[in-house]
2 protein chains.
Amino acid sequence: MLDAAAEVVRTDGVSGLTLDRVAEVAGVSKGGLLYHYGTKRELVLAMLDRTLTDADETLDRLADESGRTDGAFAHAYLEYVTSGMHGEDDGAAGIFAAAALEEGDLSPAQAQFARWQERLLDDDGIDPTHALLARVVGDGLWLIDLFGLAPPSPDQREQLADLVMDLIERGMGSSLT
Amino acid sequence: MLDAAAEVVRTDGVSGLTLDRVAEVAGVSKGGLLYHYGTKRELVLAMLDRTLTDADETLDRLADESGRTDGAFAHAYLEYVTSGMHGEDDGAAGIFAAAALEEGDLSPAQAQFARWQERLLDDDGIDPTHALLARVVGDGLWLIDLFGLAPPSPDQREQLADLVMDLIERGMGSSLT
DNA sequence: AACACTGTACTGGTCAGACGGTTTTTGGCC
DNA sequence: GGCCAAAAACCGTCTGACCAGTACAGTGTT
């Protein structure tokens with residue numbers, strides 16, 4: 001059902017996110033939809049929650065797989081948006097819907113981003129400014145993809161990520177030179 | 001009237017952007033509002049257009065004032081989002097509204113961002129990857145502010161901007177070392 | 001008998017846009 | 001400068017569409 005809701009946002013936009021439409025795409029009656037999510041707000045919050053949970057798990061996994069001791073999370077953060085692994089199944093639909101609809105409540109997203117930021121700045125073993133750079137670059141690419149605002153090519157993205165990771169590796173142990 | 005519309009988005013959110021409300025805030029009747037903008041879509045597109053035009057002019061001015069020959073536009077781009085000069089009078093209300101409402105059409109924004117990107121990469125006299133970095137950092141900060149996703153402190157922003165500008169200045173004439 | 005739905009019909013509220021009317025401004029003519 | 005018609009700017013109400021949420025009687029499954 002959350003998949004269906006995300007798909008509706010992708011195809012019809014946030015304003016097309018109606019209970020009827022979600023039910024239709026999910027292959028469920030409206031009654032059945034409302035049986036699980038008593039209100040539209042609940043549905044949107046569930047979308048948001050799933051988006052954040054998925055992203056968090058993916059970041060964890062990527063950080064793990066990177067095999068680094070320092071900068072693992074920064075690397076994961078960049079990798080997440082550099083490769084087109086987000087935006088596929090549900091992407092930013094949850095966040096976007098929550099932000100646009102009055103029934104939304106972005107505070108879970110704000111808390112999640114604050115947690116990521118904390119982890120980057122305090123626990124990733126790299127220069128805080130470099131950590132912030134990784135975060136902002138990641139978020140920037142995400143925004144650009146979300147709105148399709150002249151997205152850079154995969155090559156450009158990779159060079160950009162390499163540049164930032166180079167910086168981070170070089171800057172370890174010392175503040176910015 | 002566009003000011004009023006932007007204010008409504010800021011206070012009531014995108015879903016609160018109704019013709020009645022805009023008219024009320026603008027001190028105009030609904031009829032009067034519709035006299036100028038025949039449809040809501042027109043209103044939203046006008047908001048978007050003004051947002052983009054304002055930003056473009058501000059960037060021009062900032063680039064001019066920077067007194068640089070190379071990296072002037074990159075510097076302006078960073079300065080624009082580092083200092084809180086955006087988001088005050090209308091901010092991203094136009095873009096956000098255009099994106100969220102089905103009556104929106106983001107293509108003017110996409111074109112504008114493409115133009116900025118071109119100017120940064122091709123005409124700013126700096127390494128293209130560094131230029132892209134400036135752009136993505138700028139957009140990232142803008143997104144973070146838009147949604148209030150754990151915005152960095154002014155100090156952090158400044159350090160970040162300094163870091164990027166340092167990189168750009170150091171990298172002039174040579175590719176990334 | 002509880003659960004997980006379906007399908008239909010309805011309510012109440014909201015909102016974009018249409019429309020007919022009214023005021024204000026403008027420009028031409030004496 | 002005074003007058004006047006026509007155009008422009010603006011008003012307020014009405015309507016039709018849409019949509020969240022309700023209600024409820026039925027169906028199949030466990």
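Atoms considered below: every heavy atom in the structure, side chains included; atoms not considered: hydrogens, waters and symmetry mates. Chain naming here is simple, since letters A, B, ... match the order of the sequence lines and numbering starts at 1 in each.
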Nearest-angstrom distance from the residue atom CG of Asp20(B) to P of dC14(D): 14 Å

Gap between atoms CD and P, on Glu24(B) and dT14(C) respectively (whole Å): 14 Å

Sugar-phosphate, base or nothing in reach of Ser29(A), heavy atoms under 4.0 Å: base

N or O in side chain of His36(B) less than 4.0 angstrom from dA9(D) OP1/OP2: no

ILVMFWY cluster, Tyr37(B) and Leu52(B) together (side-chain gap under 4.5 Å): yes

Nearest-Å distance for atom pair CG/P, residues Leu33(A) and dA20(D): 10 Å

Sugar-phosphate, base or nothing in reach of Leu17(A), heavy atoms under 4.0 Å: sugar-phosphate

5' precedence on DNA chain D between Gly38(A) and Ser15(A) (nearest-nucleotide basis): Ser15(A)

Geometric class of the Trp116(B)/Tyr77(B) ring pair [parallel <30°, tilted 30-60°, perpendicular >60°]: perpendicular

Validation row, ring centre Phe73(B) to ring centre Tyr80(B) under 6.0 Å: no

Selected nucleotide, minimal atom distance to Tyr35(A) side chain, candidates dG21(D), dC5(C), dT13(D): dC5(C)

Distance below 4.0 Å between Lys40(A) side-chain N/O and dA20(D) OP1 or OP2: yes

Ring geometry between Phe96(A) and Phe96(B) (parallel below 30°, tilted from 30 to 60°, perpendicular above 60°): tilted

Whole angstrom value for the distance that separates C1' of dC15(C) from CG of Leu43(B): 14 Å

Length of the line joining Leu19(A):CG and dT11(C):C1', which is rounded to integer Å: 15 Å

Selected nucleotide, minimal atom distance to Leu34(A) side chain, candidates dA16(C), dG21(D), dA18(C): dG21(D)

For atom NZ of Lys30(B) and atom P of dC19(C), their distance in whole Å: 14 Å

